[in-house]
Trainee: 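Right, I'll just put the structure down here and ask away after.
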Amino acid sequence: MDNIKNLREEDALKILSQLIRIRTMLPRGDEMDMIKYILSLLPKDKFEINIIENGANRASMVATLPGRNRKNKIAFVGHMDTFPAFNEDSWQHPPFAADYTGGCVYGRGASNMKGGITAMLMAVMAFTENHVEPPCDLTMCLTADGDNAALTGARSIVKSGYLAGTTQLIFGESTGNKIGIAQRGGIWLSIRVNGKACYACTPKAGTDALANFIELHSRINSYIHHGEYSHPYLGEPLCVITQLKGGIAMNVVPPLAEGTLDIRLLPLQDNNEVIQYAFDSASDMMDKNKSLNIEIEVESSNPTVAMPQDAHIIKKFENIISSMGDFPEKTGLYYYTDACAIVPSLGVPFIFMGPGENIYNILTDEFVEIKSVLKSAQVYLSYILDGAW
């Protein structure tokens, strides 16, 4: 590989274990602690380092290794924060011990996504460790708050301009080394419905706030499905009631209902159109019943991002994985990632691919196979060296 020595499992294990031991759990994050460790691995005279402080020991970093052709820049993106260690007493492997057994490393963040960050680091550091100039600029974009819908770090990096000139994006999300070509977007709505109380034996004398909340949900759900949208790797759009409370007594029509909706959208569905429809529906319902009041607050709105299945970057990754003797599989991501903030701003080709399984299926004893981490690193390195971007 262009005078670059083979990547070693022991190096991947050493880096990943240390990353897991550095606690970057939400809501604190403390990503600055992880940045300090990563900076200790990077030769200071080789990288252009920019750190964005997000407050309270939270930070994001953009580190660029200049290449021969500075007109091309591949940016590797990963978030440093992790979910909390839910039910810590039920973990067979302590969440921050980085136990290594059976070829797997256990710990909070192992899969989501410190395994991916380890693979990125190994691919980029292969050039400095072997004293080889990369064919193009290589950027490590490490974010705070990537497991939160606010995506604070990614948004601050976009605003900073440090990713200017990026020509391709590789998100090291945990896809099990499948090729991720799309990610659902979504909207979170908080809704408050005020009606009119009355005894349940005379329901027409009042306005049922809970029933109207459910009607509004039904309208929005029907709207996002009206075009019979579906995606081969993302499935159908969703509109889920995630919280709902109301009612004051068994025999009284509820005068108040409060709840939240989690709406997940597909490519070609527009967030703003769906939000406008929700407000228009609420207005229509209130026009028909003057004792009804509906208040909607948009808690977050993140767009869907997707690449064509035959895009050049997708085909290149397929070819590389095939050349390694594996069958390339495509997939889609159901959850938010930093791509929501970065892709629409830069408008460049991108891909999701990284080690580890979907964290939403693993609440305790999170793990990643060390061979999976090494495979991701090798795919990244092969893609960089291929040069036909």
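Quick caveat, the model's predicted, so the values are computed rather than measured. One is the number of the first residue; the rest follow in order along the sequence.
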Trainee: Distance-only, no hydrogens or angles: does the Thr304 side chain make a donor-acceptor pair with backbone N or O of Gly185 under 3.5 Å?
Mentor: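 Yes, Thr304 side chain to Gly185 backbone: donor-acceptor pair under 3.5 Å.
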Trainee: Is there a path from Ile313 to Leu346 through hydrophobic residues (I, L, V, M, F, W, Y) whose side chains come within less than 4.5 Å of each other?
Mentor: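 Shared cluster, yes.
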Trainee: Kindly determine whether Ile275 and Ile187 satisfy side chain to side chain contact (heavy atoms under 4.5 Å, CB included), including the steps that lead there.
Mentor: CA-CA 8 Å; Ile275 292 170; Ile187 304 160; 3.8 Å; yes
Trainee: Do His312 and Gln168 have side chains that approach each other closer than 4.5 Å (heavy atoms only, starting at C-beta)?
Mentor: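 No, side chains not in contact.
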Trainee: Determine the minimum heavy-atom distance between Ala341 and Val158, stating which atoms define it.
Mentor: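 Shortest heavy-atom separation between Ala341 and Val158 comes out as O-CG2, 3.7 Å.
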Trainee: Indicate whether any N or O donor in one side chain lies under 3.5 Å from an N or O acceptor in the other, for Asn72 and Asp137.
Mentor: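 Absent: no donor and acceptor within the cut-off.
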Trainee: Looking at CG of Leu266 and CG of Leu238, how far apart are the two atoms once the value is rounded to the nearest 0.5 Å?
Mentor: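 The CG atom of Leu238 is 8.0 Å from CG of Leu266, to the nearest 0.5 Å.
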Trainee: Does the Lys NZ or Arg CZ of Arg21 fall within the cation-pi geometry relative to Phe96 - under 6.0 Å from the ring centre and within 45° of the axis?
Mentor: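 Negative - Arg21 is either too far from the ring of Phe96 or too far off its axis.
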Trainee: In the structure I gave you, are the side-chain heavy atoms of Val305 and Phe352 within less than 4.5 Å of one another anywhere?
Mentor: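 They are in side-chain contact.
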Trainee: Can you establish whether the number of heavy atoms outside Lys375 located under 6.0 Å from its atom NZ is more than 12?
Mentor: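 Yes - once you tally the heavy atoms of other residues, nucleotides and ligands closer than 6.0 Å, there are more than 12.
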Trainee: Where do Asn177 and Ile321 come nearest, in terms of heavy atoms and distance?
Mentor: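 So the minimum-distance heavy-atom pair works out to O-CD1, 4.1 Å.
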Trainee: Would you check if there is a donor-acceptor pair between the side chains of Glu366 and Ser111 at a distance under 3.5 Å?
Mentor: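 Note: Ser111 and Glu366 side chains miss the donor-acceptor criterion.
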Trainee: Report the residue from Glu173, Glu31, Lys114 that forms a side-chain contact (heavy atoms from CB on, under 4.5 Å) with His79.
Mentor: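 So the option named by the test is Glu173.
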Trainee: Check the side chains of Thr64 and Thr139 for a donor-acceptor pair under 3.5 angstrom, ignoring hydrogens and angles.
Mentor: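 Side chains of Thr139 and Thr64: pair found under 3.5 Å.
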Trainee: Between Lys46 and Leu65, is there a side-chain heavy-atom distance shorter than 4.5 Å?
Mentor: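 They are in contact (side-chain heavy atoms under 4.5 Å apart), so the answer is yes.
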Trainee: Salt-bridged, Arg23 to Asp30, with N to O below 4.0 Å?
Mentor: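 Salt bridge flag = no for Asp30 with Arg23.
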Trainee: In the structure I gave you, are the side-chain heavy atoms of Cys239 and Leu261 within less than 4.5 Å of one another anywhere?
Mentor: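 Yes - at least one pair of side-chain heavy atoms lies under 4.5 Å apart.
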Trainee: What's the separation between atom OH in Tyr277 and atom CD1 in Ile224, rounded to the nearest 0.5 Å?
Mentor: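 Between Tyr277 OH and Ile224 CD1, I get 11.0 Å after rounding to 0.5 Å.
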Trainee: Measuring only between side-chain heavy atoms, which start at C-beta, is Val298 closer than 4.5 Å to Phe279?
Mentor: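 Touching, per the 4.5 Å side-chain cut-off.
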Trainee: Taking the basic N atoms (NZ, or NE/NH1/NH2) and the acidic carboxylate oxygens, is any pair closer than 4.0 Å for Arg58 and Asp145?
Mentor: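 So Arg58 pairs with Asp145 through a salt bridge.
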Trainee: Between Asp262 and Trp188, do the side chains contain an N or O donor and an N or O acceptor separated by less than 3.5 Å?
Mentor: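 Yes - a donor-acceptor pair under 3.5 Å links their side chains.
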Trainee: Is it the case that one hydrophobic cluster holds both Leu16 and Met25, taking links as side-chain heavy atoms less than 4.5 Å apart, direct or via other members?
Mentor: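 Different clusters.
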Trainee: Can you name the nearest heavy-atom pair linking Gln243 to Phe213, along with the distance?
Mentor: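 For Gln243 versus Phe213, the nearest heavy atoms are O-CZ, 4.3 Å.
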Trainee: As a quick check of understanding, evaluate side chain to side chain contact (heavy atoms under 4.5 Å, CB included) for Glu273 and Tyr223, giving each step before the final call.
Mentor: CA-CA 10 Å; Glu273 288 183 4; Tyr223 180 76; 4.1 Å; yes
Trainee: Okay, side chain of Ser281, backbone of Ala278: is any donor-acceptor separation there less than 3.5 Å?
Mentor: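 No; zero donor-acceptor contacts below 3.5 Å.
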Trainee: Please determine whether residues Met34 and Val105 belong to a single hydrophobic cluster, defined as Ile, Leu, Val, Met, Phe, Trp and Tyr linked transitively by side-chain heavy-atom distances below 4.5 Å.
Mentor: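 No.
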Trainee: Would you check if Leu256 and Leu210 make a side-chain contact, meaning some heavy-atom pair closer than 4.5 Å?
Mentor: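 With C-beta onward as the side chain, the pair stays apart.
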Trainee: Just by distance, with hydrogens left out, do Ser60 and Asn54 show a side-chain donor and acceptor under 3.5 Å apart?
Mentor: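 Present: a donor and an acceptor within the cut-off.
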Trainee: For the side chain of Arg108 and the backbone of Thr82, is there at least one donor-acceptor N/O pair under 3.5 Å apart?
Mentor: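 No, Arg108 side chain to Thr82 backbone: no donor-acceptor pair under 3.5 Å.
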Trainee: When you check the gap from the basic side-chain N to the acidic O, do Arg28 and Asp81 get nearer than 4.0 Å?
Mentor: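 Looking at Arg28 and Asp81, the cut-off is not met.
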Trainee: For the residue pair Ser291 and Asn289, confirm or rule out a side-chain donor-acceptor distance under 3.5 Å.
Mentor: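 Judged by distance alone, the side chains do pair up.
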Trainee: Above 12 or not: heavy atoms from other molecules or residues under 6.0 Å from CD of Glu53?
Mentor: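 Open: at most 12 neighbouring heavy atoms sit under 6.0 Å from CD of Glu53.
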Trainee: If every non-hydrogen atom of Asp338 is compared with every non-hydrogen atom of Phe171, which pair is closest and at what distance?
Mentor: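 Shortest heavy-atom separation between Asp338 and Phe171 comes out as C-CE2, 4.1 Å.
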Trainee: When you look at CZ of Phe86, are more than 12 heavy atoms from neighbouring residues, nucleotides or ligands closer to it than 6.0 Å?
Mentor: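 Correct, the count exceeds 12.
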Trainee: Just verifying a value: how many Å separate Lys290 NZ and Leu292 CG, rounded to the nearest 0.5 Å?
Mentor: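 Lys290 atom NZ to Leu292 atom CG measures 10.5 Å (nearest 0.5 Å).
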Trainee: List the atom of Ala150, the atom of Arg155, and the distance in Å for their closest heavy-atom pair.
Mentor: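 For Ala150 and Arg155, the tightest heavy-atom pair comes out as O-NE, 2.9 Å.
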Trainee: Give a yes or no on whether the backbone of Ala126 and the side-chain of Asn130 come within a donor-acceptor separation of less than 3.5 Å.
Mentor: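 Indeed, once roles are kept as given, a pair shorter than 3.5 Å links the two residues.
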Trainee: Looking at Arg8 and Asp11, does any basic side-chain N land under 4.0 Å from a carboxylate oxygen?
Mentor: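 Salt bridge: yes.
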Trainee: Does Tyr383 belong to the same Ile/Leu/Val/Met/Phe/Trp/Tyr cluster as Leu381, with side-chain heavy atoms less than 4.5 Å apart forming each link?
Mentor: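 Yes, same cluster.
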Trainee: Tell me whether Leu189 is reachable from Tyr335 by hopping between hydrophobic residues (I, L, V, M, F, W, Y) whose side-chain heavy atoms are closer than 4.5 Å.
Mentor: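 No, separate clusters.
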Trainee: Are the side chains of Leu169 and Pro349 in touch, meaning some heavy atoms are under 4.5 Å apart?
Mentor: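 Leu169 does not reach Pro349 side chain to side chain.
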Trainee: Answer with yes or no whether the side chains of Asp280 and Gln276 bring together a donor and an acceptor at under 3.5 Å.
Mentor: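 Yes, a side-chain donor-acceptor pair sits under 3.5 Å.
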Trainee: Show the nearest heavy-atom pair for residues Val253 and Pro203, with the distance to one decimal.
Mentor: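 Between these two residues, the closest heavy atoms are CG2-CA, 4.1 Å.
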Trainee: Do the charged groups of Arg70 and Glu48 touch, with an N to O distance under 4.0 Å?
Mentor: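 Here Arg70 pairs with Glu48 in a salt bridge, since their nearest N and O are under 4.0 Å apart.
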Trainee: Examine Arg264 relative to Tyr336 and say whether NZ or CZ is less than 6.0 Å from the centre of the six-membered ring and inside a 45° cone about the ring axis.
Mentor: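 Because its charged atom sits under 6.0 Å from the ring centre and within 45° of the axis, Arg264 does stack over Tyr336.
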Trainee: Checking side chain to side chain contact (heavy atoms under 4.5 Å, CB included) for the pair Ile179/Glu329: CA distance, chi angles, key distance, verdict?
Mentor: CA-CA 6 Å; Ile179 298 171; Glu329 296 182 68; over 6 Å; no
Trainee: Measuring from Leu268:CG to His231:NE2, what's the distance to the nearest 0.5 Å?
Mentor: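 Between Leu268 CG and His231 NE2, I get 8.5 Å after rounding to 0.5 Å.
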Trainee: Okay, side chain of Asp365, backbone of Gln92: is any donor-acceptor separation there less than 3.5 Å?
Mentor: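 Checked: pair present.
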Trainee: Does the side chain to side chain contact (heavy atoms under 4.5 Å, CB included) test come out yes or no for Met80 and Ile117, once each step is laid out?
Mentor: CA-CA 8 Å; Met80 296 176 284; Ile117 290 175; 4.1 Å; yes
Trainee: Does the Asn302 side chain pair with the main chain of Ala149, one donor and one acceptor, at a distance under 3.5 Å?
Mentor: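 Yes; at least one donor-acceptor contact below 3.5 Å.
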Trainee: What is the distance from atom OG of Ser160 to atom CD1 of Ile52, rounded to the nearest 0.5 Å?
Mentor: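 Interatomic distance, Ser160 OG to Ile52 CD1, rounded to 0.5 Å: 3.5 Å.
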Trainee: Looking at Glu318 and Lys330, does any basic side-chain N land under 4.0 Å from a carboxylate oxygen?
Mentor: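 A salt bridge is present here (some side-chain N lies under 4.0 Å from a carboxylate O).
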Trainee: Flag the pair Glu369 / Cys104 as yes when at least one side-chain heavy-atom distance between them is below 4.5 Å, and no otherwise.
Mentor: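 Answer yes - side chains close enough.
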Trainee: Between the main-chain N or O of Ser222 and the side-chain N or O of His226, is there a donor-acceptor pair closer than 3.5 Å?
Mentor: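 Checked: no pair found.
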Trainee: Side chain of Ser174, backbone of Met113: donor and acceptor closer than 3.5 Å?
Mentor: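 No, Ser174 side chain to Met113 backbone: no donor-acceptor pair under 3.5 Å.
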Trainee: Does the Ser218 side chain pair with the main chain of Ile214, one donor and one acceptor, at a distance under 3.5 Å?
Mentor: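 No.
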Trainee: Would you say Asp208's side chain and Ala211's backbone share a donor-acceptor pair under 3.5 angstrom?
Mentor: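 Yes: the side chain of Asp208 pairs with the backbone of Ala211.
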Trainee: Would you say Glu10 has more than 12 foreign heavy atoms packed within less than 6.0 Å of its CD?
Mentor: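 Correct, the count exceeds 12.
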Trainee: Hey, are Thr175 and Thr331 close enough side-chain-wise for a donor-acceptor pair under 3.5 Å?
Mentor: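 No, because no side-chain N or O of Thr331 sits under 3.5 Å from a partner of the opposite role on Thr175.
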